[in-house]
Amino acid sequence: HDARRTTHDDVDVDVVLVFLPAELVARLIGPLLARLRSGTRVLAPEQAALDAQPAPQRSTLLVTDAGVTVVHEWRA
């Protein structure tokens, strides 16, 4: 394994947390899901409407003392 590699094709992860603007999440979710192993979850907290394809399998309202957001979830 070369520690200097810049690609992550062989990374074994359970969850990917994406903090990007909604329009970037919408563009990247399909290609990202295609690269992940089956069962990996992708979570994206958003405060704007999300027009992503594929659509999230689940969206959860998250309310804290600091504010309100929605966390969208996809599974690879």
Side-chain angles (χ1 to χ4, degrees):
H1 179 73
D2 184 351
R4 297 171 295 173
R5 286 183 54 170
T6 57
T7 62
H8 301 284
D9 293 335
D10 59 349
V11 174
D12 184 23
V13 297
D14 295 319
V15 176
V16 176
L17 186 56
V18 181
F19 283 100
L20 294 170
E23 56 275 359
L24 287 178
V25 173
R27 283 197 345 236
L28 296 175
I29 195 65
L32 178 60
L33 289 171
R35 295 186 65 180
L36 297 171
R37 69 174 169 75
S38 180
T40 301
R41 291 182 298 153
V42 177
L43 304 176
E46 295 295 338
Q47 294 179 333
L50 187 63
D51 186 24
Q53 292 301 320
Q57 281 112 340
R58 182 168 74 173
S59 295
T60 304
L61 180 63
L62 180 62
V63 180
T64 70
D65 291 340
V68 176
T69 192
V70 174
V71 178
H72 302 289
E73 179 181 338
W74 296 262
R75 284 192 184 260

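As the structure is a prediction and not an experimental result, all values here were calculated from the model.
- Residues passing the side chain to side chain contact (heavy atoms under 4.5 Å, CB included) test with Ala22 are Glu46, Ala48, Leu50, sequence neighbours excluded.
- Leu33 and Leu28 fall within a single hydrophobic cluster, where Ile, Leu, Val, Met, Phe, Trp and Tyr side chains are chained together by heavy-atom contacts under 4.5 Å.
- When atom types are taken as modelled, the side chain of Arg37 and the backbone of Val13 share a donor-acceptor pair closer than 3.5 angstrom.
- The two residues Arg75 and Arg41 make their nearest non-hydrogen contact at NH2-CD, 3.1 Å.
- Closest heavy-atom contact between Thr40 and Val15: CG2-N, 4.3 Å.
- In terms of heavy-atom proximity, Ala52 sits nearest to Trp74 at CB-CZ2, 4.0 Å.
- For Arg58, the side-chain hydrogen bond (donor to acceptor under 3.5 Å, both in side chains) test picks out Glu73, with sequence neighbours left out.
- Closest heavy-atom contact between Pro54 and Gly30: CD-CA, 4.1 Å.
- By the criterion of side-chain heavy atoms lying less than 4.5 angstrom apart, applied directly or through intervening Ile, Leu, Val, Met, Phe, Trp or Tyr residues, Val25 is grouped together with Val16 in one hydrophobic cluster.
- Leu20 and Leu24 make their closest contact through CB-CB, 4.2 Å (heavy atoms, listed as atom of the first residue, atom of the second, distance).
- For the pair Pro45 and Phe19, the tightest heavy-atom approach, listed with the atom from each and the gap, is CG-CE2, 3.3 Å.
- Side chains of Val18 and Leu32 form a contact here, defined as non-hydrogen atoms less than 4.5 Å apart.
- Under the 4.5 Å side-chain contact rule for hydrophobic residues, Val70 and Val68 share a cluster.
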